[in-house]
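Just below is one structure, and these are the notes that go with it.
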Amino acid sequence: MSEYTGDANFGCFDENTFYREARKYLDNTPGTKQGFALYAMEIENFRIYNLWHGREAGHAYVAGYAGRLKSYAEKEGGVIGCFGDSHFAYLVPEKEDRVNELQAYLNEWHKSKEESAGFHPMIGIYHIDDVSLDVETMYDRAALALDGVRGNYAMRIMHYNPDMDKELDEEIVMLSDIRRGLKEHEFTFYLQPKCDMRTGEILGAEALVRWIHKEQGLVPPGKFIPILEKSGFTVIVDQVVWEDVIAWQRKWIDAGKKPLPVSVNISKTDLFAINVPDVLIGLCAKYNVPHHLVELEITESAYAEHFEEMKDVIGELKQAGFPMLMDDFGTGYSSLNMLKRIDFDILKFDMKFLRGSEEDRQRGIEILESVVNMARLLIVPVIIEGVETQDQVEYLTGMGCRYAQGYFYYKPMPIADFEELIADGSNVNYDGYVSKRVEQIHMREFLEDMPATEMMINNMMGPVGFYDLYEDHIEIIRVNEPYYKLFGEGASQSLTVIREHTTPEDYEYIKELMAKAEDAPMKGAVGTFHYRKGDGKALPVLFRVFFLHEKNGHKRFYGSVTDLSMLGKM
Ligand code: C2E
Ligand code: CA
Ligand code: CA
């Protein structure tokens with residue numbers, strides 16, 4: 001333990017003394033060319049550090065940090081204050097690259113400490129342009145800049161600028177309005193059903209907070225949750241939602257109805273602010289609601305940042321019998337390895353990650369496929385969120401997904417509407433989500449696992465090719481052996497130029513099919529036409545085509561053809 005043990009200020013000035021001493025320092029120190037700056041510093045997530053390593057270790061950690069700061073100030077001058085916990089203020093003569101030098105000096109020490117990852121200091125800087133300003137205001141400005149880096153692990157330093165005051169004003173207005181709204185019971189939740197895509201049956205719902213503002217009407221969470229998260233106040237709203245949801249479950253059971261699991265959202269800042277397991281267990285006890293009816297959704301990014309800590313809280317919640325859902329899975333950095341180490345009951349993937357540019361879509365599909373594969377390996381069910389169209393349902397069920405939540409089924413709805421929806425239970429499935437290991441053949445797995453030769457695969461797939469459509473011109477760029485066998489025989493003209501093998505009408509028709517395929521990327525398009533072989537014979541074929549991607553005006557398609565001549569005359 002360090003020499004500062006027992007000293008709440010770790011041998012630095014306490015807040016009031018700091019303001020006094022800093023004033024004296026400014027008044028009595030001849031200004032350097034670059035003037036002075038006030039740094040506000042904080043060890044982010046320090047409460048977590050205490051929680052996981054104990055208060056004593058936490059104290060030693062801050063003491064070490066304070067010692068390092070003091071030894072820096074001894075060399076470089078300035079005044080250091082410690083405002084309790086993990087907050088520091090440093091009035092320092094400015095010089096070129098000052099903050100980077102200080103940070104490097106602190107990091108040297110951090111690196112030598114075990115388990116310091118995620119507990120590095122953040123720094124907000126107010127460059128003192130007006131020395132007559134009172135030091136409290138200077139510190140407030142530096143602290144405001146500090147708030148700008150909170151939660152941003154890529155950027156640990158920020159300078160104050162006057163716009164921050166304006167932003168803060170707006171946020172403060174919003175926060176007070178939220179507090180007022182909470183007092184006046186303006187917050188409620190909507191319920192969005194989760195469905196089985198194969199039957200359309202409802203298995204549960206997600207509770208989504210809604211603010212019914214007395215003047216502004218319905219305020220969506222996107223408008224206020226981010227502001228709450230920034231300031232760490234999400235918990236004041238979340239606790240209300242959790243309690244309301246649990247109370248609603250009780251009411252539903254008391255009405256003699258069969259209950260369904262409802263999930264609530266937990267923000268990662270909640271986990272830092274309160275003891276979430278204690279609170280939830282307490283609420284369930286208060287309303288006598290079994291834990292398995294309260295599912296908990298936590299976004300994936302929360303785990304990625306504080307893996308070890310999250311793992312413990314999640315373990316605790318799971319141990320208590322709350323089903324754990326990983327929200328927005330696939331957006332962060334989770335790996336199969338991490339999934340194996342944290343025990344989730346359900347993974348949620350959001351279709352919104354498939355929106356955007358072609359590149360985004362392609363990447364989204366790859367992620368979705370790997371999510372589904374991981375889930376299958378772990379035998380964990382997946383719920384796909386944001387399902388909006390029939391095409392998506394077909395594509396998703398085709399790849400083995402079973403559960404969905406999205407506008408295609410239901411939008412989030414007021415509690416009364418949900419009650420009406422499930423009242424007679426005919427459209428409800430009370431069996432819960434299941435995951436079977438292998439229900440059907442999944443192509444990717446199939447191809448990977450099967451020691452098939454190219455010839456075997458060719459025989460299974462039949463004739464296939466890749467097509468390029470550029471302006472009005474369709475060209476075949478690659479074909480497999482069966483394709484060549486079917487059409488190549490007796491080829492006197494170029495095999496690759498489609499126009500030379502069809503009538504003008506059929507050629508237009510093929511382009512129409514391609515346009516259709518482009519509009520329905522999941523389903524593709526299918527039609528028949530005649531292919532004129534090199535020897536002049538016209539072969540009836542069934543053509544199934546899928547759009548792949550577009551680059552520089554070139555649209556790429558994948559197509560399979562089936563020889564229909566065996567079926568007799570068309
Ligand atoms: P989330 O947890 O990922 O919730 C899903 C969001 O997707 C909801 O938006 C829902 O209305 C929307 N959604 C569902 N199906 C579709 C669809 O087919 N298409 C489209 N375009 N959107 C769909 P909402 O209700 O606006 O909530 C947004 C986010 O706010 C939530 O994302 C969640 O992160 C947060 N949130 C909502 N309620 C709470 C809460 O009680 N506590 C906390 N901490 N966060 C909440
Ligand atoms: Ca959610
Ligand atoms: Ca989500």
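Numbering of ligands and ligand atoms starts at 1, following listing order.
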Mark the output for Gly222 as yes if a heavy-atom distance to ligand 1 is under 4.0 Å, and as no if none is.
->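 Outside the 4.0 Å threshold, so no.
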So which bit of [X] gets within less than 4.0 Å of ligand 1, heavy atoms only: side chain, backbone, both or neither?
X      : answer
Arg210 : side chain
Glu385 : side chain
Glu206 : side chain
Ile225 : side chain
Val237 : neither
Pro220 : neither
Val387 : backbone

I need the nearest protein heavy-atom contact for [atom]: residue, atom name and distance, please.
atom                    : result
atom 11 (O) of ligand 1 : Pro412 CG, 3.2 Å
atom 15 (N) of ligand 1 : Gln192 NE2, 3.0 Å
atom 42 (N) of ligand 1 : Asp238 OD1, 2.5 Å
atom 38 (N) of ligand 1 : Val209 N, 3.1 Å
atom 28 (C) of ligand 1 : Pro221 CG, 4.0 Å
atom 21 (N) of ligand 1 : Glu388 OE2, 3.2 Å
atom 18 (O) of ligand 1 : Tyr407 N, 2.8 Å

Aromatic plane relationship, Trp252 with Trp248 - under 30° parallel, 30 to 60° tilted, over 60° perpendicular =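 The arrangement is parallel - the two ring planes meet at less than 30°.
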How are the rings of Tyr403 and Tyr433 set relative to one another: parallel (under 30°), tilted (30 to 60°) or perpendicular (over 60°)?
->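 Ring orientation, 0 to 90° scale: perpendicular.
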[X] and [Y]: side-chain donor and acceptor closer than 3.5 Å?
X      : Y      : value
Tyr160 : Asp165 : yes
Glu206 : Asn265 : yes
Glu243 : Tyr287 : yes

Determine, for [X] against [Y], whether the closest basic-nitrogen to carboxylate-oxygen distance falls under 4.0 angstrom.
X      : Y      : answer
Glu186 : Arg180 : yes
Glu295 : Lys348 : no
Asp254 : Lys251 : no

Mark up the atoms of ligand 1 that fall under 4.0 Å of a heavy atom belonging to [X], in ascending order.
X      : result
Gly406 : 15 (N), 18 (O)
Leu208 : 4 (O), 8 (C), 10 (C), 11 (O), 25 (O), 37 (C), 38 (N)
Asp328 : 3 (O)

Do [X] and ligand 1 have an N or O pair less than 3.5 Å apart?
X      : result
Ile266 : no
Thr234 : no
Asn265 : yes
Glu229 : no
Asp327 : yes

I'd like to check [atom] in this structure: does the protein have a heavy atom lying under 4.0 Å from it?
atom                    : answer
atom 26 (O) of ligand 1 : yes
atom 40 (C) of ligand 1 : yes
atom 44 (N) of ligand 1 : yes

Would you give the length of the straight line joining atom [atom1] of [X] to atom [atom2] of [Y], rounded to the nearest 0.5 angstrom?
X      : Y      : atom1 : atom2 : value
Asp350 : Ile383 : CG    : CD1   : 12.0 Å
Leu283 : Lys286 : CG    : NZ    : 6.5 Å
Gln192 : Lys411 : CD    : NZ    : 10.0 Å
Ile202 : Ser426 : CD1   : OG    : 9.0 Å

Has Asn265 got an N/O/S atom less than 3.0 Å from the Ca ion (ligand 2)?
->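 Yes, within the cut-off.
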side-chain contact (heavy atoms from CB on, under 4.5 Å) evaluation trace for Leu296 with Val264 | CA-CA 5 Å; Leu296 309 177; Val264 296; 3.6 Å; yes
Taking the side chain from Gln249 and the backbone from Leu260, do they hold a donor-acceptor pair closer than 3.5 Å?
->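 Looks like yes, one N/O pair under 3.5 Å.
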Please confirm whether the backbone N or O of Leu144 pairs with a side-chain atom of Asp147, one donor and one acceptor, at under 3.5 Å?
->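 Checked: no pair found.
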Where His213 and Gln216 come nearest, the two heavy atoms and their spacing |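 Scanning both residues, the minimum pair turns out to be ND1-N, 3.1 Å.
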Looking at the Ca ion (ligand 2), which N/O/S atom of Glu206 is the nearest one?
->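 This residue's closest N, O or S atom turns out to be OE2.
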Test of ring centre spacing under 6.0 Å for Phe88 and Tyr65 =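 They qualify: ring centres under 6.0 Å apart.
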Are the aromatic rings of Tyr467 and Phe543 close, with centres under 6.0 Å apart?
->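 Yes, they do, as the ring centres are separated by less than 6.0 Å.
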Atoms of protein origin (N, O or S) under 3.0 Å from the Ca ion (ligand 3) |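 Short answer, with waters excluded from the count: Asp327 OD1, Asp328 OD1, Glu385 OE1.
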Determine, stepwise, if the pair Lys194 / Glu297 fulfils salt bridge (Lys or Arg N to Asp or Glu O under 4.0 Å).
-> CA-CA 13 Å; Lys194 296 171 186 168; Glu297 299 196 6; 3.5 Å; yes
Between Ile246 and Arg250, is a side-chain contact (heavy atoms from CB on, under 4.5 Å) present by the stated rule, with each step listed?
-> CA-CA 6 Å; Ile246 292 168; Arg250 178 75 261 155; over 6 Å; no
